[in-house]
Amino acid sequence: MPELPEVETVCRSLAPFIVGKRVSECLIGEKKLIKSSTAEEFRKKIIGRSFNNVQRRGKYILLLLDDGETLVVHLRMTGKLLISLKDEPVNKHTHVRFSFEDCEQELRYEDIRKFGILYLGDEAKLAQLKGLVNLGYEPLSEEFTTEVLKEILHSSNKKIKAVLLDQTKIAGIGNIYADEILFQAKIHPESIAKNITDEEVIKALHFAIQDRLREGIKYGGSSIKDYVNSFGEAGSFQKLHKVYAKAGERCVECGGILDKMTSAGRSSTYCPNCQIKY
DNA sequence: AAAACCGCCTGTCGGC
DNA sequence: TGCCGACAGGCGGTTT
């Protein structure tokens, strides 16, 4: 499900609730989701800790604790972090529950497909979480300049779609935003990254990356099937999608028919007329 | 080096 | 209505 804008929206909705709360109990129904230790060790470690801060890195949610350790959550495809009343009935996809001192609400981790992960540890422990430590540039940070993007493109023989999805180069872009970004930048998904050398095209791609991600955040993310923020509210950016899941429909720019192909192992929808192959 | 493929899971949708 | 395969916001591992 969630890409950078959705994860950012979850973090923003979660932070005002969770910061300052102290964990009084942690019930783990699906032990395999805990990747840093056994479920019982995880439970013992988290009870008594309180949350100091909420951060996002790529698609990872970082919940900073008062002892210097961090609870890392990755939602993968169908994970959700939900603030629920304690007496709200759980469902069969509720796998982890955190309750807090003096609080009638609890935090639940739900996940239909159970691909998500929860990981608890200090700095040294987090260094073992390869997906997290190997993340590339934050696309909305100051460090991610047009020059940086130019260098990323120049040094890659891969297709541009694969490069955008490569979390070790740029962190947080997934299949929806990759398609929307490439449409906005008028670049064909199978273009070879290093062939994109025109300064104006690189500039357009850099703008499209930041613009689509920022708009995604502005509209609370894209809710295709499962995605909701921690209050259970859907986003609305899916209404503004121009290509994702729209194969066979008309291009909003040229009126041609949008095409679909498998590229870099993922489905890609694009306009064969507007998007140029480099 | 890159890409294809598979596995991890469950649910949904379209075709027959 | 039911069965069956294809496919889905991710990602890590293996094979080609």
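Chain naming here is simple, since letters A, B, ... match the order of the sequence lines and numbering starts at 1 in each.
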Nucleotide nearest A:Tyr60 (side chain, heavy atoms from C-beta), chosen from C:dG12, B:dA2, B:dT10: C:dG12
Side chain of A:Ala162 - closest among C:dA8, B:dA3, C:dC11: B:dA3
Residue closer to the 5' end of DNA chain C, A:Arg113 versus A:Gly131 (nearest nucleotide): A:Arg113
Closer than 4.0 Å, any side-chain N/O of [X] to the OP1 or OP2 of [N]?
{"X": "A:Lys35", "N": "B:dC8", "answer": "no"}
{"X": "A:Lys114", "N": "B:dT10", "answer": "yes"}
{"X": "A:Gln167", "N": "C:dC11", "answer": "yes"}
{"X": "A:Asn157", "N": "B:dA2", "answer": "yes"}
{"X": "A:Lys225", "N": "B:dT10", "answer": "no"}
{"X": "A:Thr78", "N": "B:dG11", "answer": "no"}
{"X": "A:Lys130", "N": "C:dG12", "answer": "no"}
{"X": "A:His74", "N": "C:dG10", "answer": "no"}

Quick one: [X] [atom1] to [N] [atom2], roughly how many Å, whole number?
{"X": "A:Ile192", "N": "B:dA1", "atom1": "CD1", "atom2": "P", "result": "16 Å"}
{"X": "A:Asn134", "N": "C:dG10", "atom1": "CG", "atom2": "P", "result": "18 Å"}
{"X": "A:Lys92", "N": "B:dT10", "atom1": "NZ", "atom2": "C1'", "result": "8 Å"}
{"X": "A:Ile176", "N": "C:dG10", "atom1": "CD1", "atom2": "C1'", "result": "12 Å"}
{"X": "A:Ile117", "N": "C:dG12", "atom1": "CD1", "atom2": "P", "result": "9 Å"}
{"X": "A:Glu3", "N": "C:dG10", "atom1": "CD", "atom2": "C1'", "result": "9 Å"}
{"X": "A:Arg266", "N": "C:dC7", "atom1": "CZ", "atom2": "C1'", "result": "11 Å"}
{"X": "A:Lys161", "N": "B:dA3", "atom1": "NZ", "atom2": "C1'", "result": "15 Å"}

A:Thr9-A:Glu6 side chain donor-acceptor pair, cut-off 3.5 Å: no
Nearest-angstrom distance, C1' atom, B:dC5 to C:dA6: 16 Å
C:dG5 to B:dC6 separation - P atoms, rounded to the nearest Å: 15 Å
Side-chain heavy atoms of A:Asp259 within contact of A:Tyr270, under 4.5 Å: yes
Sugar-phosphate, base or nothing in reach of A:Tyr177, heavy atoms under 4.0 Å: nothing
Touch class at under 4.0 angstrom, heavy-atom based, for A:Ile224 against every strand present: base
Aro-ring/base stack A:Phe115-B:dC8, d under 5.5 Å, angle under 30°: yes
With A:Asp166, the salt bridge (Lys or Arg N to Asp or Glu O under 4.0 Å) member among A:Lys158, A:Lys159, A:Arg266: A:Lys158
A:Asp122 side, atom CG; A:Glu69 side, atom CD - distance, nearest 0.5 Å: 5.0 Å
Straight-line distance of A:Lys161 NZ to A:Ile187 CD1, nearest 0.5 Å: 13.0 Å
Ion pair A:Arg43/A:Glu25, N-O distance below 4.0 Å: yes
